[in-house]
Protein chains: 2
Amino acid sequence: MDVKTVCLGMLTDGEASGYDLKKHFESTFGHFFAAGYGSIYPALSSLAEQGLVSCEHIPQEGKPDRKVYQITTAGHTYLLKALEDPAPSHKVRSEFLATMCFAHLMSSEQVELVLDSRIEDTERYLTMFSKIECDGMQDWPPGMRFVLGFGRAVTEAVKAYVENNRHLLAEEHKAQTAIR
Amino acid sequence: MDVKTVCLGMLTDGEASGYDLKKHFESTFGHFFAAGYGSIYPALSSLAEQGLVSCEHIPQEGKPDRKVYQITTAGHTYLLKALEDPAPSHKVRSEFLATMCFAHLMSSEQVELVLDSRIEDTERYLTMFSKIECDGMQDWPPGMRFVLGFGRAVTEAVKAYVENNRHLLAEEHKAQTAIR
DNA sequence: CGCAACATGTAAGCGGTTACATGATTAC
DNA sequence: GTAATCATGTAACCGCTTACATGTTGCG
């Protein structure tokens, strides 16, 4: 499952431009599937070439033509095939955790800074989740609600863990064990 | 922070071969930083070329020479620089969540299968964490214990969330909201 | 006056994955 | 006998990131 497939999936919710899709990648999909314009625009071109989406050019003054994409029947078929994987991956790549593995090589000030930045990050996500929930989640498919709830639950777990266990990383207290 | 830097960090714990490091990437680092031989061996070669590690060739019969790497003073300096990033990233890339966004396009059997496979995955991780804790975590640096605890906490949160909210994805119950 | 939002794209490069290549030893 | 473990590597490929390129409209 790559950016192309996710774009295709987003288009099942209605027509959209690359610019529109980018906003989805930043908000609702942001916590588990990042993508920039450099991935999205080529993905849409490629989908159009394969006939999986159709494209309507809407001329605009001053701005480039707005290109609105719609999923085709072939696109739907393709998407359903892509969703058949019975064990889709769920990968974490964390420079944060890699850094924390070597906390004993760093100054405690540095470690504190890193932990603070991680907590800020989780707070940004939590704010975003609340905002999304406010402006109407009830018209969304159940899967989307499940996914948002997942993001919230995991983010809260991360925040709580970091807050409750950051004392482990102070050199003074080497013998303690993690709070569950 | 790339595979190279993580390898360098692992070598602060004592000399090791590429093969040894791979095992670390599978066990202790597995839940947040994956790497295969195709990344590790070139990384070590490159580190040696830059003088960040030294390499001892140990001849063996039948097998290729065992190459044991040790971090150098230059390597230590380099690592400390790399650890200075005050806001290291923590990224999730989840085909699982992407799939679940479109659960309404799938059969409930397919959805169930995907959810089961995710739970199995979390269980494998939890077993691994327990095993690691058993064979002596107390001699590890506090950072490593923090990271393992993080992995366990988040994995448990994932498992609980999936178990408690999978009913949201059954088409029958569209109006429900997520259990916190 | 400057910044954010609107709007699309290209191209180089990087980092990692996957498949391939080889082969002895040990445990079941 | 066959699978796992030990042990190292290369090369092609793929997908994504980053930087670059361009220009208008509207808000404060």
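Note: hydrogens, waters and symmetry copies are ignored here, and every other heavy atom, side chains too, is used. Being a predicted model, the structure only gives us computed values, none of them experimental. To find a chain, count down the sequence lines: A is the first, B the second, and so on, and within it residues start at 1.
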Report the C-alpha separation of B/H24 and B/F33 in whole Å, then their side-chain angles, then the decisive distance to 0.1 Å, and conclude whether the ring pair (Phe, Tyr, Trp, His ring centres under 6.0 Å) test is met.
CA-CA 10 Å; B/H24 273 98; B/F33 213 105; over 10 Å; no
Between [atom2] of [N] and [atom1] of [X], the distance in whole Å:
X     : N      : atom1 : atom2 : result
B/D65 : D/dA7  : CG    : C1'   : 10 Å
A/I40 : D/dT17 : CD1   : P     : 9 Å
B/R66 : C/dA24 : CZ    : C1'   : 16 Å
B/L21 : D/dT8  : CG    : C1'   : 13 Å
A/K4  : D/dC14 : NZ    : C1'   : 12 Å
B/F25 : D/dA7  : CZ    : P     : 18 Å
B/L44 : C/dG16 : CG    : C1'   : 15 Å
B/Y41 : D/dT10 : OH    : P     : 11 Å

Indicate yes or no: does B/R166 engage B/E112 in a salt bridge with an N to O separation below 4.0 Å.
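Here B/R166 pairs with B/E112 in a salt bridge, since their nearest N and O are under 4.0 Å apart.
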Does a side-chain N-to-carboxylate-O contact under 4.0 Å join B/R145 and B/D139?
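No, no charged N to carboxylate O under 4.0 Å.
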Compare side-chain N and O positions of [X] against OP1 and OP2 of [N] and report whether any pair is under 4.0 Å apart.
X     : N      : result
A/R93 : C/dG15 : no
A/Y37 : C/dG9  : no
B/S39 : C/dT17 : yes

Over all strands shown, is B/S45 touching base, sugar-phosphate only, or nothing at heavy-atom distances under 4.0 angstrom?
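Here B/S45 touches no strand at all.
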For residues A/F146 and B/H167, determine if any side-chain heavy atom of one lies less than 4.5 Å from a side-chain heavy atom of the other.
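Not touching, per the 4.5 Å side-chain cut-off.
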Which of these nucleotides, [options], is closest to any side-chain atom of [X]?
X     : options              : result
B/S17 : D/dT8, C/dG16, C/dC6 : D/dT8
B/A34 : C/dT17, C/dT8, D/dG9 : C/dT17
B/Y19 : C/dA7, D/dT10, D/dA7 : D/dA7
B/Y69 : C/dA7, D/dG9, D/dA7  : D/dG9

A/F129 six-ring face occupied by A/R152 cation (under 6.0 Å, within 45°)
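That pair does not qualify as a cation-pi contact.
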Specify the residue among B/K67 and B/K91 whose closest nucleotide of DNA chain D lies further upstream toward the 5′ end.
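This one resolves to B/K67.
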